[in-house]
Amino acid sequence: MKLSKGFWQTFKETPADAEIPSHKLMIRAGLIYKEAAGLYAYLPMGLRVIHKIENIIREEHNKADCYELAMTVLTPGELWHESGRWDKMEGQMLKIKDRAGRELCVSPTNEESVVDIFRKSINSYKQLPVCLYQINTKFRDEIRPRYGVMRSREFTMKDAYSFHLDKKCLDDGYEKMFHVYSNIWTRMGLKFIVVDADGGAMAFSGAKTQEFQVVAEFGEDKVMKCPECGYAANIEAAEGHRNLDFNTSGDLKLVDTPDKKTIEEVAGFLKVPEHHALKSVVYSSITGTEEEFILAMLLGDDELNEIKLKSYLGCDHLRVATDADFKRLDIPVGFIGPYNLQKGKFNVIYDREINMDAAYVIGGLSKDKHYMGFIPSRDDKNIQTADLRLVYEDDRCAVCKKGTLKEIRGIEVGHIFQLGDKYTKSMNVTVLDKNGKTVNPIMGCYGIGTTRTAAAAIEQNNDKDGIIWPVAIAPYDLHFVVISKNEEFMKMAGEVYGELRKAGLEVVMDDRNVGPGFKFKDADLLGLPLRLTLGERDYSKDQNFEIRDRRTGEVKKMKREKLVQEIKSWLEQKRAEEKKVSKV
RNA sequence: CGGAGCGUAGCGCAGCUUGGUAGCGCAUCUGCUUUGGGAGCAGAGGGUCGUAGGUUCAAAUCCUAUCGCUCCGACCA
């Protein structure tokens, strides 16, 4: 592209609504244009990046015998009713009606569609396993879109779906996709970490699922990693333990705690450490039309991990109890506790970090009263425990029990799931096995945020001057800056541009009639891997061109004849180095 | 949806408190000069001050409603 004629506009000033580096830089470097909240257009320069990412994804999937297809973006409501997700995805899904009043949705994901295609096409175990994928636009009516294309409402995603006869086959397929995914971000030169995750609305709880997180300071996700054994998990799913002292004796007695409601106040007033008190958190869990109140018990200074609670309960929705709920239940806020709690009113669950044989301070169930010396194993007949707490940095690793967890921030660019028979059962998909018996095949599903990957790449590769693209996904290979007004000289530059392109290099040539500083600033902002400079002043001295590495600042001077070869080998070398960054 | 804030030229902002000619920087266009880190001079174009009501002789400014945008929480690739 010659900039004098190309469609590319940069901005000197940071847009007011951008918060994180990738968003600012994508706008400033003219890669995207904001249409509305969470809706971005990809401008020509930005779209090239998306295409490069998509092509890498395509190549790696094709290599692993996955087959690309294109499903529709608008999908019929009846499919979603069939799987039961029409209501479950409420809020996230954009629903519309056509002129005949038929329900449709703008697909947020495509399990239903792919299952529908599969069941009409495959009938025998002989045709399994099979993996289908597509790269297309998804729409999710995000509650709060933010950070530019990082969390937008419309975005492109690669989604793959595999079908298997049995668990062993699913395990193999999942393993294969794990490697496909690892290869993808390794090729892009991005530093990533694979972590255990929570399945969310996608799968049954407890199914195997992992996220691929690109490591970034401004990542939305927190990830916990054990440096000793390598255990890594999203904080939503992470398990850890604390090292605490306990008080194992004490009589149960009711004490006055006037106006002391929070754990901090109560523990301070009674002069006990906060972890010698139990925090009672009330939630309402909703499944279908059924509602149940949950009393979650935690160590006083722990926090509830709602995601763990939700997947433990397996409910559709979970919400914090409101003042109206407390009124209805007739219990005083701030003084709730499990002792003598009216049966049937609550499902009481103790966090497993609580020592059942230790004495704790708990709410007294009446205003300004707390119990001291509550020992769960002695004072509660019906104990149910689960892992409910949010882990903290420096918790002891739950796997090796030796290391302490360290927090890393990341951007979730990929997620792989074992779905099991969730959709094949609800949508009545069957194949015949070896014995001619009808069975439900089982599924895996695998997603990659392609547009988000572009943003993540920038988060990980930028400096004060702009973006530093990894070679594999840079919109072009080379930024060719020409500094001259001399017509003869410009003609030679044009010839060089032709030679480079003929050799297969992707070149942006800055032949605009603006100052050299302006061109250099734009080149740094866009951040192509190499910059080639041809200036009348320097060239007239020694007939040399200058190549500069955007990342390292390294400069080489050379004659015209050597350009193509030098640039190609430099790019190859960079590509190889960037691949080494990969997994942490 | 809950809490906070912002809507004035393509972008970044001032003006609003105390009502009285709509401004600055960047960008854009023209001319001349200029070419190794966002050039200089001279000139030009571009705004129903988000929208709709109201108060007033007079509203960007005060009041009401509404729409949009951003930030903090729950959702997720």
Side-chain angles (χ1 to χ4, degrees), chain A residues 9-20 23 27-28 30 33-39 53 57 88-93 108-110 135-160 181 197-202 211-214 220-221 234 236 306-307 310 317-320 322 410-417 445-456 465-466 481-486 489-490 510 512-525 531 533-539 541 546 548 555:
Chain A
Q9 170 78 11
T10 56
F11 301 90
K12 197 168 170 179
E13 303 200 60
T14 304
D17 57 11
E19 286 287 310
I20 60 169
H23 187 194
I27 300 273
R28 284 192 55 212
Y33 170 75
K34 181 162 122 182
E35 206 71 65
L39 297 175
I53 291 171
I57 292 171
K88 235 178 181 171
M89 300 281 278
E90 187 66 51
Q92 263 213 76
M93 213 153 72
T109 172
N110 279 92
I135 302 174
N136 75 357
T137 299
K138 302 287 185 297
F139 187 93
R140 291 188 191 171
D141 202 358
E142 289 286 343
I143 301 161
R144 185 149 98 84
R146 69 185 131 171
Y147 298 153
V149 300
M150 195 84 88
R151 175 170 303 282
S152 52
R153 293 190 291 169
E154 185 180 302
F155 57 99
T156 59
M157 180 172 117
K158 185 284 310 183
D159 43 327
Y181 272 44
D198 176 81
M202 303 294 285
E211 291 168 350
F212 287 72
Q213 297 263 356
V214 165
E220 281 193 286
D221 288 11
N234 191 308
E236 295 172 350
E306 287 187 23
I307 299 187
K310 188 172 174 222
H317 302 284
L318 195 65
R319 63 168 177 83
V320 188
T322 59
I411 299 162
E412 184 191 353
V413 289
H415 202 153
I416 56 180
F417 296 88
C445 85
Y446 319 88
I448 293 179
T450 55
T451 41
R452 184 183 279 185
T453 295
D465 295 316
V481 173
V482 185
I483 308 163
S484 171
K485 283 189 103 174
N486 180 319
F489 204 80
M490 290 307 286
D510 197 344
R512 293 174 296 181
N513 184 21
V514 294
F518 195 95
K519 295 182 180 183
F520 290 138
K521 287 286 182 192
D522 262 357
D524 286 345
L525 178 60
R531 185 182 81 198
T533 308
L534 174 60
E536 203 177 339
R537 186 196 74 186
D538 288 8
Y539 185 82
K541 283 185 214 151
E546 177 190 293
R548 185 171 193 273
V555 170

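Residue numbers start from 1 in every chain, and the chains themselves are labelled A, B, ... in the order their sequence lines are given, proteins ahead of strands.
Taking atom CE of residue M93(A) and atom C1' of nucleotide C76(B), one finds them 15 Å apart after rounding to whole Å. Put simply, CD on E19(A) is 16 Å from P on C69(B), counting in whole angstrom units. Counting to the nearest Å, the P atom of A77(B) and the CG atom of D159(A) are 11 Å from each other. In this structure, Q92(A) places its CD atom 8 Å from P of A77(B), rounding to the nearest Å. Between the CG atom of D141(A) and the P atom of A77(B) there is a distance of 16 Å, rounded to whole Å. Rounded to an integer number of Å, the gap from CD of E35(A) to C1' of G10(B) is 14 Å. Taking atom CG of residue D524(A) and atom P of nucleotide G37(B), one finds them 12 Å apart after rounding to whole Å. For the pair R153(A) CZ and C75(B) C1', the interatomic distance rounds to 14 Å; values are reported in whole Å.
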Scan the side chains in residues 9-19 of chain A for donor-acceptor partners under 3.5 Å anywhere in the protein, sequence neighbours excluded, and list what turns up.
residue: T10(A); atom: OG1; partner: D522(A); partner atom: OD1; Å: 2.7
residue: T10(A); atom: OG1; partner: D522(A); partner atom: OD2; Å: 3.4
residue: D17(A); atom: OD2; partner: K34(A); partner atom: NZ; Å: 2.7

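Comparing C69(B) with A22(B), their P atoms are spaced 30 Å from each other, to the whole Å. Rounded to the nearest Å, the gap between the C1' atom of A65(B) and that of C76(B) is 35 Å. C26(B) and A39(B) have their C1' atoms separated by 14 Å, given to the nearest Å. Comparing C49(B) with U61(B), their P atoms sit 9 Å apart, to the nearest whole Å. With both ends at atom P, the span from G43(B) to C24(B) equals 13 Å, rounded to whole Å. Comparing G53(B) with G7(B), their P atoms are spaced 22 Å from each other, to the whole Å. As rounded to the nearest Å, G2(B) and G10(B) have P atoms that lie 33 Å from one another. Comparing U8(B) with G45(B), their P atoms sit 23 Å apart, to the nearest whole Å.
Using N1 to N3 plus N6-O4 or O6-N4 for Watson-Crick, or N1-O2 and O6-N3 for G-U wobble, each under 3.5 Å, A59(B) pairs with nothing. For C32(B), the paired nucleotide is G40(B), the pair qualifying as Watson-Crick or G-U wobble because both relevant distances are below 3.5 Å. The pairing partner recorded for A22(B) is none, the criterion being a Watson-Crick or G-U wobble arrangement whose two distances lie under 3.5 angstrom. With a 3.5 Å ceiling on both atom-pair distances, U48(B) lacks any Watson-Crick or G-U wobble partner. Taking a pair to require two hydrogen-bonding distances under 3.5 Å in either a Watson-Crick or a G-U wobble arrangement, C1(B) pairs with G73(B).
One finds a side-chain N or O of K34(A) lying less than 4.0 angstrom from the OP1 or OP2 phosphate oxygen of U70(B). Residue Y147(A) places at least one side-chain N or O closer than 4.0 Å to OP1 or OP2 of C72(B). Contact annotation: R146(A) side-chain N/O to G73(B) OP1/OP2 distance is under 4.0 Å.
No contact: F489(A) has no heavy atom under 4.0 Å from any strand. Residue R319(A) is classed as having no contact, given no heavy-atom separation below 4.0 Å to the nucleic acid. Using a 4.0 Å heavy-atom criterion, one finds that T14(A) contacts the sugar-phosphate atoms exclusively. Residue V514(A) is in base contact, counting any heavy-atom pair closer than 4.0 Å across all strands shown. Looking at heavy-atom distances under 4.0 Å, D221(A) makes contact with a base. Residue-level contact check: R28(A) touches the bases, meaning some heavy atom is under 4.0 Å from a base atom. Within 4.0 Å (heavy atoms only), T137(A) reaches no atom of the nucleic acid at all. Residue G517(A) is in sugar-phosphate contact alone, with no base atom involved, counting any heavy-atom pair closer than 4.0 Å across all strands shown. Using a 4.0 Å heavy-atom criterion, one finds that R531(A) contacts the bases of the nucleic acid, with or without backbone contacts as well. Contacts of G414(A) with the nucleic acid, taken as non-hydrogen atoms under 4.0 Å apart, involve only primed sugar atoms and P, OP1 or OP2. Among the protein residues, E536(A) comes within range of no part of the nucleic acid, since none of its heavy atoms lies under 4.0 Å from any strand.
Looking at heavy atoms from C-beta onward, R548(A) lies out of side-chain contact with T533(A) at the 4.5 angstrom threshold. Using a 4.5 Å heavy-atom threshold, the side chains of N234(A) and Q213(A) count as touching.
Out of G12(B), G38(B), G37(B), the shortest distance to the side chain of P15(A) is found at G12(B). Taking the side chain of R144(A) as heavy atoms from C-beta on, and the options C71(B), G25(B), C26(B), the nearest nucleotide is C71(B). Considering only the side chain of M157(A), A77(B) comes nearest among A77(B), C69(B), C76(B). Comparing C26(B), C76(B), C69(B) by their closest approach to the side chain of E13(A) singles out C26(B). For E546(A), the listed nucleotide lying nearest its side chain is G36(B); candidates were C75(B), C76(B), G36(B). With U35(B), C75(B), G38(B) as the choices, the nucleotide that has an atom nearest any side-chain atom of D522(A) turns out to be G38(B). Out of U70(B), A27(B), C13(B), the shortest distance to the side chain of A16(A) is found at C13(B). Distance from the side chain of E142(A) is smallest to A77(B) among G36(B), A77(B), A27(B). In this structure, the nucleotide among G36(B), C72(B), U70(B) sitting nearest to the side chain of D17(A) is U70(B). Considering only the side chain of I143(A), C1(B) comes nearest among G36(B), C1(B), G38(B).
Taking all atoms of both residues into account, the shortest heavy-atom contact from M150(A) to A455(A) is SD-CB, 4.0 Å. Pairing each heavy atom of I416(A) with each of F212(A), the nearest pair is CD1-CE1, 3.8 Å. Nearest approach of T450(A) to I53(A), heavy atoms of both residues: O-CD1, 3.8 Å.
Legend: residues meeting side chain to side chain donor-acceptor pair (under 3.5 Å) with E236(A), ordered by chain and number and at least two apart, are absent.
A donor N or O paired with an acceptor N or O is not found under 3.5 Å between the base of C76(B) and the side-chain atoms of R140(A).
Looking at K521(A) and D524(A), no side-chain N of the basic residue comes within less than 4.0 Å of a carboxylate O on the acidic one, giving no salt bridge.
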> Between D159(A) and K138(A), does a salt bridge (Lys or Arg N to Asp or Glu O under 4.0 Å) hold up when you go through it step by step?
Replying inline: CA-CA 10 Å; D159(A) 43 327; K138(A) 302 287 185 297; 3.0 Å; yes
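For A77(B), the base is stacked against the aromatic ring of F155(A), per a cut-off of 5.5 Å between centres and 30° between planes.
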